[in-house]
Amino acid sequence: MFHYLLKRIGLSVVIVLCALLALFLLLHLIPGDPATIALGPRATPEAIARYAAKMHLDEPILLQFQIYLFNALSGDLGVDVFSERSVTRIVLEALPSTLILAAVGLLWAALIGVPLGCISAVRPNSWFDRLTGVISVATIAIPSFLVSIWSLLVFAVILKWLPVIGAGEPGDLADQAYHLVLPAFAVGLSWVGYLARMVRASMLEVMNETYIRAAHAFGLEPRTVVFRYALKVAILPTITLIGIGFGGLLSSALFAEIIFTRPGVGKLIYDMVMNRNFPVVQGAVLITTGVYVLINLGADLVVAWLDPRVRDSL
Amino acid sequence: MTPLVQIRNLDVIFDTDRGPVRALRDVSFDVPRGKIVGVVGESGSGKSTVIWSIARLLSANGRIVGGKILFDGRNLCDLGEAALRDFRGRQASIVFQDPMTSQIPVKSYRQQIIDILYRNREQSRSQKIGHALAMMRRVGIPDSEQRIDQFPHQFSGGMRQRMGIAMALLMKPQLLMADEPTTALDVTMEAQIIHLLRSLQAEMHTTIILVSHNLGLVAELCDEVVVMYAGEVVERGPIGAVYARPAHPYTQALINSDPARVTERRRYLPTIPGDLPDVRFKQAGCIFAGRCPKAFDRCRHEEPAAHVLEEGHDARCHLLDPRQVASSSVTAASRQEGWVPVDPGSNVAATEPLVRVRDLRVSFPGRGGLASLLPGAQPAKIDVLVDVNLDLRAGETLGLVGESGSGKTTLGRCILGLIPASSGSITLRGRELTRLSEREFRPLRENMAMMFQDPVGSLSPRQSVRSLIVEPLDVHRPKGFDRDAVALKLADMVNLPRELLSRYPHQLSGGQARRVGVARALALEPDLIIADEPTAGLDVSIQGEVLNLMRDLQIAHNLTYLIISHNLPVVRHISGRLAIMYLGRIVEQGDCEAIFRRPAHPYTEALINGIPQPDPEHRRTLASIEGEVPSVAFRPRGCEFHARCRYAQARCREEPPEETVLSDGRTIRCHFPLTG
Ligand code: SF4
Ligand code: SF4
């Protein structure tokens, strides 16, 4: 276990370092003054001078990278060009809202997709299975930004059932939840299809295993066999896939924020790109990468924890 | 008292892509209360389908189309889902063939047990666990309080099967059905499990149906036997009567071809030539007519009825019909009673060994890194082979025997240069092999071929038989070489019909696939063939075919064989000399017949006594060997066999025995040899 943990965490660290290196190289390989590039066209000359001094732009490039790395790892991602607030603070303030959106999107998708997949697998080729198949393919095929735009049009603009924009009154949970409905729907919709398909495929495989037959032979209730036996094994590859697919989920959340003008990392990046506020953009990209790596790691650890075979072989 | 189970005219059909397969036809037999009934047959006989029909758990494409299954007078075919669920587990339970695949890997035994006992609502959780612990102790699981929290993969194969039995018995069912319960286990484990089943049966008066292909096992355990062939019952009766006076030609052939019965080395093993009939179509006469050595006209158009021979013993064969004129052309001059012309490898003692292995040691790195610093961790280096000395003389057959984990396969692969030796030497015709680079080794591999356990399953399914057979030539022969001629020659050598050359592996029967494996091994005209479990997974009737063929080829081409197997009767049949391995060491080595006559090492003795004999009159009373094979990562001190040895003394626990040579030339590692 210990060994495995170390390896997985090591790998995650390497990925984050690569992201840092890529960003650093980008700044320094583009012809021109790195300070101007890093801070963007809207930076004041004083800010550029301060940046050059802070990053030791006159030192050899290796030392520069070391400084850059050290700053990034200690949480200093620079300051906003306009307000001079810490980029880390700005991004971390926006992050929870994005994570909540992604999580709620995934959650409702799982609550619907996983049972759909299970029931399809228990009755393969039934009308239910076929219908689920069609729905799944349809939801997977529609890009999430289209879902966002259309659901915005239909439910908010035309039917006026749900609010068009914003995240709701701060402190008013009901209002916030109300505002979360449409974006979460848009973010999660394609995951209903994904999860139903994935769970169905791995359930079909597991339902053929001898231990499922054995569970029936012991006279267990069919519900126990499907949900407490088969699903318990079939969900493992699905969790790994969720970890891998989380990047996609994040990007749908970012788009949804832009379309629904909800505060969050997506909205932040969009606004800052519009304002040419580059340090914030870079910081947001880095932190999003970090979050993605963390979620992946988490998914692997959950699988390892759920599967005693994996737990022991580590 | 009525029998517990009465099966009457059972018909089962499986729908397949190639049409409906009539898997069981007109199957009828009784299972008396408190008795053990064995159902024997080869693959395709439908023996397991019987169990699944009783449990009403046929796979989705199978259905019962006729007949009845009466359990305690109740027809199971009429039960609805709820009633069936109540029946399963509570009244009838199953022990599965492979406990690894039949126990859910992600649940601890505690959880699985609680699940099984869900119907005992009057029991509290701790009562249920107490009940389970008692059952675990009864089936011989030590430290059950701790082990109940473990998962299936943390148990050894034998312990897992004990757990399988314990779970099946938890609800105290009246009927226990065991589907090849020891096939996945080693010989010594098999003996222990048989012993356990027998004592549990005596104690709990459970009725048992045992399905097996192993005649010896059935003879050891059962009171009655049902012999099945291609979905029909051909003979049934009390075990003693059927084994002593088998009436049906199939039963006779089956018993005769059990290698445990044919102990003379120079006799060919009897076989049953031919293939199973295609049961998608209705057969005109006797189901066995296509392979029966005694078939005559009537057999081909009239189905035989069951003829009673004595109380409870009947068989379906026209020959048993009292009205059948005895003059029917029974020219059963069984051509299988042949003897091998010369005893291969009998005159080889004088020659210089082809392969000589000296002080060979093979180690694998253990789990390294930080984990190895943790307490209780495995050592950084695990010795898989230790101080192995072995001579292989040209033209002889050496049988390498051991349980799983004994290192026998590693030794074979090491000789082939597929696994590097850590120290010691291996020479081929005097040339040192251990320090050769892969490039230097490659030309030498022409002289040595490996015959794999599952020759076809391990190869590309998209290659034709022809290209599979000649594939070894691709590496070792120039481009222009006439491959087709070689393919034809090889096919003839192994008696593979030439028209099969253009087929694909999945179109072959088990015996044909093995012959492809043999042909592949012969492609480069090697001197040495290393065969890893050459007959594992084959039916008895085909097993003989492969062994006889290997022996003929040996005589014709002066081949040297190293046969790696856990199956002692098979090894005995084909080997001139024997080497027995335990935990990576050769513990006894010498003339095969001498060893079987009087084993010198206690482990060899236990292995030989562990062979179930197809003779119900000579049942063993004891499990021949206790305990389990220790892990090579944690070798015991002193003699590594001492914990399981009946003859162990204080010295054995301290001092590891050296290899010594006995007066008859055998080498042995034991302080107190049994022949001393
Ligand atoms: S009926 Fe004929 S073919 Fe069938 S087993 Fe008897 S002798 Fe052989
Ligand atoms: S040395 Fe002792 S423990 Fe080992 S096999 Fe011989 S008698 Fe048994």
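Lettering of chains follows the sequences in order, A, B, ..., and the numbering in each one begins at 1.
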B/Arg147 NZ/CZ over B/Phe155 ring centroid, <6.0 Å and within 45° of normal: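 Yes, a cation-pi geometry.
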Residues of residues 51-63 of chain B within contact distance of chain A, non-hydrogen under 4.5 Å: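 Residues B/Trp52, B/Leu57, B/Leu58, B/Ser59 are the ones that qualify, each having a heavy atom under 4.5 Å from chain A.
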Are any non-hydrogen side-chain atoms of [X] and [Y] less than 4.5 angstrom apart?
| X | Y | result |
| --- | --- | --- |
| B/Leu210 | B/Pro181 | yes |
| B/Phe96 | B/Thr101 | no |
| A/Asn208 | A/Leu204 | no |
| A/Val291 | A/Leu95 | yes |

Under 3.5 Å: donor-acceptor pair, side chain of B/Gln174, backbone of B/Gln91: no
Neighbourhood of chain B inside residues 233-252 of chain A, taking heavy atoms under 4.5 Å as contact: A/Val233, A/Leu236
Residues, nucleotides or ligands: over 12 heavy atoms within 6.0 Å of B/Gln127 CD: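 Correct, the count exceeds 12.
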B/Phe151 atom CZ, neighbour heavy-atom count above 12 within 6.0 Å: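 More than 12 within 6.0 Å, yes.
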Greatest number of heavy atom pairs closer than 4.5 Å to chain A - which of B/Leu170, B/Asp115, B/Ile94: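 Top option by heavy-atom pairs under 4.5 Å: B/Asp115.
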Max heavy-atom pair count under 4.5 Å with chain A, selected residue of B/Glu81, B/Met171, B/Arg90, B/Arg119: B/Arg119
B/Gln154, part contacting chain A, at a heavy-atom distance under 4.5 Å: side chain
Side chain, backbone, both or neither of B/Met177 within contact of chain A (heavy atoms, under 4.5 Å):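 For B/Met177, neither part sits under 4.5 Å from chain A.
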Spatial distance of atom NE2 (A/His216) from atom CE (A/Met207) [nearest 0.5 Å]: 5.0 Å
CD1 on A/Ile119 to CZ on A/Arg200, rounded to 0.5 Å: 13.0 Å
Side-chain ion pair, A/Asp129 and A/Arg123, N-O less than 4.0 Å: no
